[in-house]
Every structure is written in structure tokens, then in C-alpha cells.
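To start, the structure under review is shown below, and the notes come after it.
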Amino acid sequence: MTLESPAAVQDGLRDLSPVALRRLIREGRFTGSTTGLAPGALQGNLAILPSSHAGDFLRFCQKNPKPCPIIGVSEPGDPRIPALGADLDIRTDLPGYRVFRAGEAGYRSVADLGDVWRDDLVTFVLGCSFSFEDAIARAGIPLRHMDAGRNVPMYATSIETAPSGPFHGPVVVSMRAFRPADAIQAVLLSDRYRLAHGAPVHFGDPAEIGIKDLAKPDFGDPPVLEPGDVPVFWACGVTPQLALRNAAPDLAITHEPGLMLVSDLSADAAEFSIGGVGPAGTTSN
């Protein structure tokens with residue numbers, strides 16, 4: 001049986017270890033959003049591209065650390081990143097992937113990367129805001145999308161990233177709505193998680209960052225808003241997907257929005273356990 005959120009959470013999967021959750025994903029038995037799963041584990045967005053573009057993409061991430069905090073990089077052609085999980089296989093351990101090819105409109109959704117993997121592909125894993133949601137939940141603050149069994153809503157904004165080579169595009173944000181007092185506490189809590197986008201980039205009027213209709217996100221599910229709620233917007237790891245489209249390498253692969261890589265690392269400890277990383281042949285300054 002294939003399990004999808006929110007039923008998966010209700011069936012007791014929330015408290016599975018990252019290793020056990022990845023095993024379910026690898027076996028094709030879980031295909032839903034990872035929001036709320038493996039509480040306390042550092043989750044990551046995915047960007048995979050040819051090694052010929054890896055240097056420019058690394059610099060793009062360094063120039064845009066809020067939407068693109070790097071938590072892991074592979075060697076070319078290697079589907080493993082042992083620092084994030086000893087048994088981890090990038091080709092199989094996310095619930096869903098998007099495959100982009102130059103000259104083709106849109107993307108193709110796939111369950112694994114077995115048919116598209118190449119020896120020149122470099123994997124970047126970027127921090128995800130799901131990692132600080134556990135801290136917010138532990139503080140007793142409601143997360144409305146999780147309570148409703150939905151993926152978080154995500155929006156392309158009018159905020160532009162700093163370009164690097166062919167990589168450029170708007171910042172994408174995720175939104176969570178809170179009572180005003182809870183919003184202040186959520187801001188303070190998320191600020192501790194630099195590798196999970198840190199503090200928000202905006203709160204309040206969505207039109208100020210170019211969002212025309214809060215009820216119609218570009219990615220994820222429609223938001224849950226209650227009277228008096230304040231919308232709070234965090235930089236989002238879907239940002240590189242738009243930059244990858246603009247750069248148009250012959251092949252690029254990302255996660256399906258909301259379907260993340262769940263690592264073995266503690267989100268609380270990650271700030272101290274992850275140093276500067278870069279693909280082979282590059283350096284971080």
C-alpha cells in the first residue's frame with residue numbers, strides 16, 4: 001500500500017526515524033509531503049545539475065544564502081552524501097522528483113532517478129523551512145497547514161535573487177499564518193535555524209512582495225487562514241528551481257515541492273556540525 005499525507009501522519013508515520021522513513025520512500029510506500037515527519041531532523045531541498053554548471057550554481061547559493069543555504073554537496077556522479085545519511089541514495093530517497101531538459105517545455109515528474117542518472121551530475125542539498133516547524137510546534141504554536149493535512153503554500157515574489165552566471169530569478173517564499181503573538185514567537189524561533197532559511201523575509205501585506213492572490217499559491221496547497229491571522233513569509237528552497245529553469249542546462253533535477261530529503265542530522269545541532277561545502281574542483285570563500 002502506498003501512503004500519502006495526511007493519512008500517513010495519522011497512521012503513526014510522524015515519529016519514524018529518518019532511516020525508517022527513507023526506507024519507506026525508497027520502497028515506493030510513501031509518496032506524500034514530508035512536512036511534520038521525522039520531527040527534529042534536518043530536511044533538505046534538492047538541486048541536481050551537470051558538473052559544468054556546478055561552480056556557477058555554488059556561487060549562486062553563496063550569493064543568496066536565505067533561499068539557498070547549502071547543507072550538502074556530492075561528488076560528480078555519486079548519489080551518496082554520507083554526511084547527511086550513511087545509507088542515503090539521492091536517486092531513490094525523496095518521495096518525488098522533477099526532471100527538466102533544455103528545449104522541453106515544463107518538466108517530467110518521476111518517482112526515482114534510475115533512468116536519468118549520469119556520471120557528471122552534482123547534487124546540492126539546500127536547507128528547508130520544514131526543519132524549524134518542529135521547534136514552532138514544540139512551543140505550542142499551531143501550524144495551520146499541518147493541522148489541515150496540507151502542504152505549505154509557496155509563492156514566487158517580486159524580490160530578485162543575486163545572479164551568478166546563467167542562474168537568476170525571483171525569490172520563492174513559503175507562507176505560514178499565525179495569530180499576531182504567535183507570529184512574533186515563530187519569527188524568533190526560526191531565526192535560530194540559519195540552515196533552514198532563518199528568520200522570515202516578510203510579514204503582513206503579500207502585495208508588498210508581489211503576491212497578487214494569497215489564495216492561489218504557485219506551489220503547494222492553498223493556505224489556511226483564520227480571522228486576525230498575520231501571514232509570515234520565509235525564503236524557500238523552491239527558489240533554485242526557477243533559477244535552474246532560467247539557466248537551462250541540458251539536464252536539471254529538483255524535488256517536487258514539499259517532498260523533501262530527510263537527513264539523519266538534528267536540525268538543532270546542524271549549525272555546529274555542517275561547515276563550508278563545495279563540489280569537487282571548487283572552493284568556498
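- Judged purely by distance below 3.5 Å, without hydrogens or angles, the side chains of R176 and S129 pair a donor atom with an acceptor atom.
- When atom types are taken as modelled, the side chain of H255 and the backbone of N45 share no donor-acceptor pair closer than 3.5 angstrom.
- Members clustered with I211: Y155, I159, V171, V173, M175, V201, I209, L214, L225, F233, by chain and number, using a 4.5 Å side-chain heavy-atom cutoff among hydrophobic residues.
- Although no hydrogens or angles enter the test, the distance criterion places a donor-acceptor pair under 3.5 Å between the side chain of D218 and the main chain of A156.
- With sequence neighbours left out, V110 forms a side-chain contact (heavy atoms from CB on, under 4.5 Å) with Y97, V99, R108, L113.
- A side-chain donor-acceptor contact under 3.5 Å links W117 to the backbone of G77.
- The pair D229-R179 fails the salt-bridge criterion, with no side-chain N (NZ, NE, NH1 or NH2) lying under 4.0 Å from an Asp/Glu carboxylate O.
- In this pair, F167 and H53 present their aromatic rings perpendicular. The plane angle is above 60°, beyond the 30 to 60° band.
- Counting only heavy atoms from C-beta outward, the side chains of D147 and V224 never approach each other to under 4.5 Å.
- With a 4.5 Å cut-off on side-chain heavy atoms, P223 and H145 do not count as touching.
- Other residues, nucleotides and ligands contribute more than 12 heavy atoms inside 6.0 Å of the CZ atom of F100.
- Two residues are said to be in side-chain contact when any heavy atoms from C-beta on lie closer than 4.5 Å; I90 and L88 meet this criterion.
- Between the side chains of S263 and Q43, no donor-acceptor pair is found at a separation under 3.5 Å.
- Atom CG of L251 is separated from atom CG of L121 by 5.5 Å, given to the nearest 0.5 angstrom.
- The residues R192 and D268 are annotated as not salt-bridged, no charged nitrogen and carboxylate oxygen being separated by less than 4.0 angstrom.
- Using a 4.5 Å cut-off on side-chain heavy atoms (C-beta onward), R22 and L24 make no contact.
- A salt bridge links D93 with R26; the closest basic N to acidic carboxylate O contact falls under 4.0 Å.
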